[in-house]
Amino acid sequence: MCPGSRVFRLKCAKSELRLDITLQCGQSFRWREISPGQWRGIIRNRVWTLSQDDSHIMFQTHSSENVSARQTDLSKQVSTIQMKQKASFGQATKRKNTEDIKMSPTNKRIRNNQYTKIYDCEINELNDIGENKLKEELRNYFRLDISLESMYSLWSKADVNFAAVSPQFHGVRIMNQDAVENVFSFICSSNNNIQRISLLVERLCKIYGSPLAAVDGITWHSFPGVSSLAAPGVEETLREHGFGYRAKYIHKSAQMIMEEGGDSWLHSLRSLPYYECHSQLMRLPGVGAKVSDCICLMSMGHLSAIPVDTHVFQIAARDYLPHLRTCKTVTEKVYHEIADHFRNVFGEYAGWAHSVRQMIMQYSNISLIWNSVAILNFPRYI
DNA sequence: ACCCGACCTGCTAT
DNA sequence: AATAGCAGGTCGG
């Protein structure tokens with residue numbers, strides 16, 4: 001572990017949580033394996049490092065105390081200007097943002113590293129967080145209040161395929177993610193691969209997020225607020241940064257969320273019944289049925305939501321619903337038929353069960369491609 | 001109601 | 001060395 005901040009232990013059997021698959025299976029796109037068995041990422045605007053043994057999760061959090069002190073006056077100026085721009089999104093002109101885009105790579109590098117000083121005071125206030133509160137955040141993020149062992153045995157009874165693949169892969173969890181991060185990450189996911197999704201999400205944070213802490217020389221940024229993604233010029237900027245057609249979706253969705261009432265509107269969807277939540281999210285540009293279900297499942301607390309992607313469609317047609325083999329495309333009707341089928345099979349936590357099965361299958365396949373003898377590792381990103 | 005092509009980008013496999 | 005093919009989709013005709 002990185003020296004400087006204290007390492008805590010949270011009692012948690014490995015059969016209840018397996019970090020490697022859970023963190024790298026395409027739920028969240030911001031976790032990195034910084035050394036074997038050691039993961040670093042962000043929960044609730046704090047940088048965490050996690051590892052585990054058979055009985056405990058070891059964790060530590062990182063604050064900007066660790067940010068190296070090198071900072072020039074120039075970069076301070078740059079960052080102050082940037083902050084002002086961010087703060088006054090309402091009055092920000094398109095031209096200001098265009099200037100932003102055209103910054104030289106050097107200036108960009110300076111800028112990206114250097115909001116830090118400004119945030120020091122805020123972060124230091126956060127330092128006073130007790131061990132118990134951190135543990136609570138961890139429990140909440142991984143939904144540790146739900147016992148997985150009993151769920152696995154339930155799901156194994158419900159589905160022979162689950163029973164077949166699950167024994168070697170206990171502890172795969174659906175995380176309870178931040179809704180804003182979830183929405184925009186999965187807008188990035190359309191017609192895309194995990195490697196590039198991770199890259200885009202990281203880029204989004206670097207451009208529009210704020211620095212949280214520098215750890216081992218790497219500055220970690222918060223996920224951008226909705227208002228900064230709704231600001232003028234965002235689409236153009238994101239296009240220049242390789243987001244392709246998703247740039248428009250991100251910008252328009254951010255604007256729509258702001259019109260509806262911002263974060264509080266998004267969070268209020270949690271309390272709607274699943275189907276209503278699902279259709280409300282689908283109003284956002286770039287959010288179709290599949291992405292909406294990802295969000296329902298991973299950040300809205302609707303654990304019966306089943307994201308049906310092309311892969312799920314193929315498996316469903318092959319192994320469960322043969323009459324769908326002739327379908328050319330996944331229409332809304334077919335989509336719901338597949339989702340409803342798995343909800344009937346698995347019951348209340350169908351989305352979790354189904355995702356675990358998919359992840360395991362995917363994990364196994366990918367590993368087998370990488371090493372034809374043993375199941376070793378998930379591919380590393382970046 | 002269903003089907004189809006277009007859409008950005010970057011990595012693979014010919 | 002160039003180029004089709006494709007990746008956990010979405011949208012509009």
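Side chains included, hydrogens not; waters and symmetry mates left out as well; all remaining heavy atoms used. Just so we're on the same page: letters track the sequence lines, and every chain starts at 1.
Judged by distance alone, with hydrogens and angles left aside, the side-chain atoms of A:Thr22 form no donor-acceptor pair with the main-chain N or O of A:Val172 at under 3.5 Å. Judged purely by atom type and a 3.5 angstrom limit, A:Lys157 has no side-chain atom pairing as donor or acceptor with the backbone of A:Tyr152. Distance alone, capped at 3.5 Å, places no donor-acceptor pair between the A:Arg40 side chain and the A:Thr49 backbone.
Residue contacts shown for A:Arg239 are limited to sugar-phosphate atoms, with no base heavy atom under 4.0 Å away.
Summarising the geometry, the separation between NZ on A:Lys248 and P on B:dC8 is reported as 7 Å, rounded to the nearest angstrom. Distance A:Asn193 CG to C:dG5 C1': 13 Å, rounded to the nearest Å. Counting to the nearest Å, the P atom of C:dT10 and the CE atom of A:Met256 are 15 Å from each other. Taking atom CD1 on A:Ile338 and atom P on C:dG9, their separation rounds to 13 Å, with Å as the unit. A:Arg357 has its CZ atom 14 Å from the C1' atom of C:dG8, to the nearest Å. Straight-line distance from the CZ atom of A:Phe313 to the C1' atom of C:dG9: 14 Å, rounded to whole Å. One interatomic measurement links the two molecules: CZ of A:Phe243 to P of B:dG10, which rounds to 11 Å at whole-angstrom precision. Residue A:Asp293 contributes atom CG, which lies 13 Å from atom P of C:dG9 at whole-angstrom precision.
Ionic pairing of A:Glu235 and A:Arg246 is not present here: no N-O contact between side-chain nitrogen and carboxylate oxygen is shorter than 4.0 angstrom. Classification of A:Asp145 and A:Arg139 as a salt-bridged pair fails, no side-chain N sitting under 4.0 Å from a carboxylate O.
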Got a list of protein N/O to nucleotides 2-6 of chain B N/O distances below 3.5 Å?
unit_1, atom_1, unit_2, atom_2, d
B:dC3, OP2, A:Thr329, OG1, 3.3

Hey, what are the protein-to-nucleotides 11-13 of chain C N/O distances that come in under 3.5 Å?
unit_1, atom_1, unit_2, atom_2, d
C:dC11, OP1, A:Gly286, N, 2.9

Both distances under 3.5 Å, Watson-Crick or G-U wobble: on that basis, could you give the dot-bracket string for DNA chain C, with [ ] for crossing pairs and | for other-strand partners?
.||||||.|||||
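The list of salt bridge (charged side-chain N to carboxylate O under 4.0 Å, His left out) pairs with a residue in residues 254-277 of chain A, not counting sequence neighbours, reads A:Glu260-A:Arg283. Residue pairs meeting the salt bridge (charged side-chain N to carboxylate O under 4.0 Å, His left out) criterion with at least one partner in residues 330-352 of chain A, sequence neighbours excluded, are A:Asp340-A:Arg343.
Ring geometry for A:Phe346 against A:Phe162 counts as perpendicular: the plane angle is over 60°, on a 0 to 90° scale with 30° as the lower cut. Using a 30° and 60° split on the angle between ring planes, A:Trp352 and A:Trp155 fall in the tilted class, from 30° to 60°. Relative orientation of the A:Phe8 and A:Phe59 rings is tilted, given thresholds of 30° and 60° on the angle between their planes.
Comparing C:dG13 with B:dC8, their P atoms are spaced 15 Å from each other, to the whole Å. Taking atom C1' in both B:dG5 and C:dG5, one finds a spacing of 16 Å when rounded to whole Å. C:dG8 and B:dC2: their P atoms are spaced 26 Å apart (whole Å).
Considering only side-chain N and O atoms, A:Thr310 lies under 4.0 angstrom from the phosphate OP1 or OP2 of C:dG9. Here A:Arg196 does not reach the OP1 or OP2 of C:dA7: none of its side-chain N or O atoms lies under 4.0 Å away.
A:Arg239 pairs by the side chain to side chain donor-acceptor pair (under 3.5 Å) definition with nothing, not counting sequence neighbours.
The aromatic ring centroids of A:Tyr208 and A:Phe184 lie 6.0 Å or more from each other.
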